[in-house]
Protein chains: 2
Amino acid sequence: MSDDKLLDAIIAQTKLTKKQTDKQQKIVETAIKLFAEKGYANTSTSEIAKAAMVAEGTIFRHYGTKDNLLLSVILPFIKDSIPTMAEEVFTEIMSKNVGCFEDFLRALLKNRLHFINENREIFQIVVKELLYNDELRKELLPFFADNILHRITKVINTYKDRGELIDIPSHTIQRMIFTLIGGYFVSRFVLQLDNCDIDEEAEIENLIRFIMDGLRKQ
Amino acid sequence: MSDDKLLDAIIAQTKLTKKQTDKQQKIVETAIKLFAEKGYANTSTSEIAKAAMVAEGTIFRHYGTKDNLLLSVILPFIKDSIPTMAEEVFTEIMSKNVGCFEDFLRALLKNRLHFINENREIFQIVVKELLYNDELRKELLPFFADNILHRITKVINTYKDRGELIDIPSHTIQRMIFTLIGGYFVSRFVLQLDNCDIDEEAEIENLIRFIMDGLRKQ
DNA sequence: ATAATAAGTGAGTAATTACTCACTTATTAT
DNA sequence: ATAATAAGTGAGTAATTACTCACTTATTAT
């Protein structure tokens, strides 16, 4: 509870006041780069200061603690982008294509792919710290669940009612889609396993085909 | 090259000589526990020493560096268990059930589930460090590829020849299976997202059904 | 123009880090 | 039994860590 207040305060400050100094911006920029590259625990504040060409004290003037810097990097991204995006995505996709589930899936996948492509580094940080940092995981996972998963479940239910989807629990379906798409993004953007010989469009279509119809012939 | 020699030496030493001291065993045990819990970077050697009730010097007597301790924990597990297991799994599974691909998948999944269940902590360490530690990733990923993936590709090709599987590139199929099963294991054993309301047997069957036939009704 | 506030600095600090080394104690080979 | 070797110790060390604080410089409000 008190934690949430603090975090909300950080976000409010970062968003509302808006007047980030040049140095402040440089610090966050550099922190994102280094955290993504080497992980939070392997990046020292002195390293960030040097790379951002700023006195180490400046970091602590603005962010107080190293932990706070991480949160200032991650949380605005999460708490701002995700829900807004989610809202946008789901309403837009659902209204535009009243088409089949496959079309919904394709739109969702392309949208997310584009989004993560634009935010590779923060995605890398979030994934790494989600595994490494217990506190952060406990903070973020429920947030994901509340904002993303229940929306997907809704959509799945809609299509299930239309008789387009098989009859297993919605949250199981949602979980498998999430695992597959999430796994695809992680292997591509975090592990950077490049599948160089196949183009992206084809890869997406393969993924969708797999999700829709599985591996069995016919 | 020189790295590989060193690592092989570590493994040879740990395996062949076999005469691990009580203290040595305690150190490795404790390191596994702490690395799994808090991650390598967040665990200090003094912490390990204290928890293992050993002088800090003893750790360095045996392992030389902290990095080496990590390798001594991970590599014997990887380089020993994985190939042996893989061999075992693939020959056994393939000879016993000359059945359909679904049966192969079921056997593989259950086998791996059992294996990881028995080695939760090391699995946690490997996954975490695979994302966090560039060096280790570069060392391990090719090893995985050589030992596991090409075997799966072989099996997939067999079943493709029998006309049981759809006609997309084998390595794409293999990658999607790996992503899905890997993602399932990670979400379960590392993120520890518990799906408390469904029993394991049913969950596995859902997973297999999804892989085989996808989400589309009929 | 001036006062008040915020931004920025960098030397300094206590704590912690991985690691060493001279030494003692246990184990093994003879 | 004795010598040789390996295992174990813990005080010590240089480097690094996150963070502080007295101070200077820039920005804003009046």
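Letters A, B, ... mirror the listed sequences (proteins, then strands); counts begin at 1.
- Across the interface with DNA chain C, nearest-nucleotide mapping of A/K23 and B/D67 shows A/K23 to be the residue nearer the 5′ end.
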Table please: side-chain donor-acceptor pairs of residues 48-55 of chain B below 3.5 Å, with sequence neighbours left out.
none

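- With a heavy-atom cut-off of 4.0 Å to chain B, the contacted part of DNA chain D has its first and last nucleotide at D/dA7 to D/dG10.
- Using a cut-off of 4.0 Å between Lys/Arg side-chain N and Asp/Glu carboxylate O, B/R175 and A/E203 are scored as salt-bridged.
- Remark: the A/S46 side chain and the A/E56 side chain contain no N/O donor-acceptor pair separated by less than 3.5 Å.
- A heavy atom lying under 4.0 Å from DNA chain D marks the following residues of residues 36-57 of chain A, by number: A/T43, A/S44, A/T45, A/S46, A/E56.
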Could you walk me through whether A/E200 and A/R188 satisfy the salt bridge (charged side-chain N to carboxylate O under 4.0 Å, His left out) test, starting with their C-alpha distance in whole Å, then the side-chain angles of each, then the deciding distance to 0.1 Å, before giving a yes or no? CA-CA 11 Å; A/E200 183 174 299; A/R188 180 159 164 191; 2.7 Å; yes
Could you go through the side chain to side chain contact (heavy atoms under 4.5 Å, CB included) check for B/L207 and B/L105 one step at a time? CA-CA 10 Å; B/L207 202 60; B/L105 205 63; over 6 Å; no
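- Within the cation-pi definition used here (under 6.0 Å to the ring centroid, within 45° of the axis), A/K66 does not qualify as a partner of A/F60.
- No close placement of the B/Y132 and B/Y40 rings is indicated, their centers lying 6.0 Å or farther apart.
- Looking at residues two or more places apart in sequence or on another chain, you find no salt bridge (charged side-chain N to carboxylate O under 4.0 Å, His left out) involving B/E29.
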Under 3.5 Å, which donor-acceptor pairs link side chains of residues 110-118 of chain B to any protein atom two or more places apart or in another chain?
residue: B/K110; atom: NZ; partner: B/E201; partner atom: OE2; Å: 2.9
residue: B/N117; atom: OD1; partner: B/R120; partner atom: NE; Å: 3.2
residue: B/N117; atom: OD1; partner: B/R120; partner atom: NH2; Å: 3.2

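- With salt bridges taken as basic N to acidic carboxylate O contacts below 4.0 Å, none links B/R137 and B/E129.
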Starting at the 5' end of DNA chain C, what dot-bracket string do you get if Watson-Crick and G-U pairs under 3.5 Å are bracketed, crossing pairs use [ ], other-strand pairs use | and unpaired bases use dots? .||||||||||||||||||||||||||||.
